[in-house]
Amino acid sequence: MGFDLNRHWVDPSPWAHPTLHGVKQLIVQMYNNPKISLEFYIDIHAHSTMMNGFMYGNIFEEEERFQRQAIFPKLLCQNAEDFSFSSTSFNRDAVKAGTGRRFLGGLLDHSSYCYTLEVSFYSYILGGTTSTVPYTEEAYMKLGRNVARTFSDYYRLNTISERPLAPIPNTRKEKMPSFKCATQRGPGNSHPGRKLQRRSQTNPTELSHSS
């Protein structure tokens with residue numbers, strides 16, 4: 001029908017955008033369920049021009065929340081040779097306001113982290129080299145396994161300390177720490193997030209992780 005489905009998260013139509021409408025309703029239900037801790041939303045896309053895997057994340061006024069958001073892609077870069085942390089971008093671009101990552105980042109509270117995971121249609125560059133390696137089905141599956149490993153690392157570290165792995169420089173709208181590959185930054189434009197009224201969680205021991 002000619003719609004870019006990743007630009008209609010603000011008000012998806014059950015007729016024109018049924019998948020977005022259904023997923024958004026499910027996420028809101030999970031978010032309001034006191035027995036569920038909704039901690040990650042990751043929207044997976046293929047990228048038609050850039051190489052490697054990388055992420056888009058959000059910018060927040062709370063410095064600690066912004067720093068903590070950088071932990072997952074930083075861990076993923078350590079686990080996956082084809083993932084580029086330096087190509088990962090944290091932004092509030094006006095043209096991305098209707099994406100799942102942007103909309104849900106404003107909808108959910110500080111305990112939830114929303115990302116877009118982009119992976120090249122074509123190739124990746126190994127860190128420290130100029131050699132390009134074509135993506136294969138097995139390479140994509142390997143990246144998926146490394147994402148799963150990163151969740152394991154994240155929660156293991158989270159049980160040790162609630163502090164970020166390393167301080168992130170306070171230049172968040174311009175630069176991030178350099179890791180492996182070429183940088184790509186996005187402009188920062190303000191976008192007020194809307195908050196939901198959330199029911200209190202009376203029994204923390206019943207929480208289950210969902211992502």
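Heavy atoms only: backbone and side chains are in, while hydrogens, waters and symmetry mates are out.
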Study note, to complete from the structure: CZ of Phe103 to CG of Asp43, rounded to nearest 0.5 Å, is 13.5 Å
Review point. Taking it one step at a time, do Phe151 and Ile42 satisfy side-chain contact (heavy atoms from CB on, under 4.5 Å)?
Key: CA-CA 12 Å; Phe151 277 116; Ile42 301 180; 3.8 Å; yes
Point to revise | Same apolar cluster (I L V M F W Y, side chains within < 4.5 Å links), Leu108/Leu26 | key: yes
Review point. Do Asn33 side-chain atoms and Gln29 backbone N/O form a donor-acceptor pair below 3.5 Å?
Key: no
Practice item. Determine, step by step, whether Tyr124 and Glu81 satisfy the side-chain contact (heavy atoms from CB on, under 4.5 Å) criterion, reporting the C-alpha distance in whole Å, the side-chain angles of both residues, the deciding distance to 0.1 Å, and the verdict. Key: CA-CA 9 Å; Tyr124 60 93; Glu81 64 179 4; 3.7 Å; yes
Check your understanding: Got a salt bridge between Arg145 and Glu138, using NZ or NE/NH1/NH2 to carboxylate O under 4.0 Å?
Key -> yes
**Study point:** Distance in Å, Leu76 CG paired with Phe54 CZ, rounded so as to fall on 0.5 Å steps
**Key:** 12.5 Å
Check your understanding: Can Phe60 and Phe90 be said to form a side-chain contact (heavy atoms from CB on, under 4.5 Å), step by step?
Key -> CA-CA 9 Å; Phe60 302 103; Phe90 299 86; over 6 Å; no
Exercise for review: Return the orientation label for the Tyr115 and Phe40 ring planes: parallel under 30°, perpendicular over 60°, tilted otherwise.
Suggested key: parallel
Review point. If every non-hydrogen atom of Arg7 is compared with every non-hydrogen atom of Val95, which pair is closest and at what distance?
Key: NE-O, 3.2 Å
Practice item. Write down the atom of Trp15, the atom of Met1, and the distance for their closest heavy-atom approach. Key: CH2-CE, 3.3 Å
Revision key, fill the gap. Value for CG (Leu143) from CD1 (Ile44), rounded to nearest 0.5 Å, stands at 8.5 Å
**Study point:** His21 (side chain) donor-acceptor with His17 (main chain) under 3.5 angstrom
**Key:** no
Exercise for review: Measure the CD-OG distance between Glu118 and Ser84 for me, rounded to the nearest 0.5 Å.
Suggested key: 13.0 Å
Check your understanding: Same cluster for Tyr122 and Ile125 if Ile/Leu/Val/Met/Phe/Trp/Tyr side chains link at under 4.5 Å?
Key -> no
Review point. What orientation do Tyr135 and Tyr140 show, parallel under 30°, tilted 30 to 60°, or perpendicular over 60°?
Key: parallel
Practice item. Answer yes or no: is there a side-chain heavy-atom contact under 4.5 Å between Glu64 and His110? Key: no
Point to revise | Electrostatic pair Glu39:Arg68 at N-O distance under 4.0 angstrom | key: no
Check your understanding: Please walk me through it: do Glu63 and Gln67 pass side-chain contact (heavy atoms from CB on, under 4.5 Å)?
Key -> CA-CA 6 Å; Glu63 185 65 28; Gln67 290 185 4; 3.6 Å; yes
Practice item. Among Thr150, Asn146, Val147, Thr88, find the residue that satisfies the side-chain contact (heavy atoms from CB on, under 4.5 Å) test when tested with Phe83. Key: Thr88
Review point. What distance do Glu61 atom CD and Phe66 atom CZ have between them, rounded to the nearest 0.5 Å?
Key: 11.0 Å
Check your understanding: Which atom pair, heavy atoms only, marks the closest approach of Pro134 to Ser123?
Key -> CA-OG, 3.6 Å
Practice item. Please tell me if the side chains of Leu20 and Val23 come closer than 4.5 Å, counting only heavy atoms from C-beta onward. Key: no
**Study point:** Heavy-atom check, side chain of Asp82 versus side chain of Val133, under 4.5 Å
**Key:** no
Check your understanding: Side chains of Val119 and His45: does their closest heavy-atom pair fall under 4.5 Å?
Key -> no
Exercise for review: Measure the CZ-OG distance between Arg65 and Ser112 for me, rounded to the nearest 0.5 Å.
Suggested key: 7.5 Å
Check your understanding: Any chance the side chains of Asn52 and Ser120 put a donor and an acceptor closer than 3.5 Å?
Key -> no
**Study point:** Residue pair His47 / Thr49, side-chain donor-acceptor N/O under 3.5 Å
**Key:** yes
Exercise for review: Report yes if the side chains of Thr99 and Arg102 come closer than 4.5 Å at any heavy-atom pair, otherwise no.
Suggested key: yes
Review point. Does a side chain donor of either Arg101 or Asn58 reach within less than 3.5 Å of an acceptor in the other side chain?
Key: yes
Review point. Do you reckon Trp9 sits in the same ILVMFWY cluster as Met30, going by side-chain contacts under 4.5 Å, direct or chained?
Key: yes
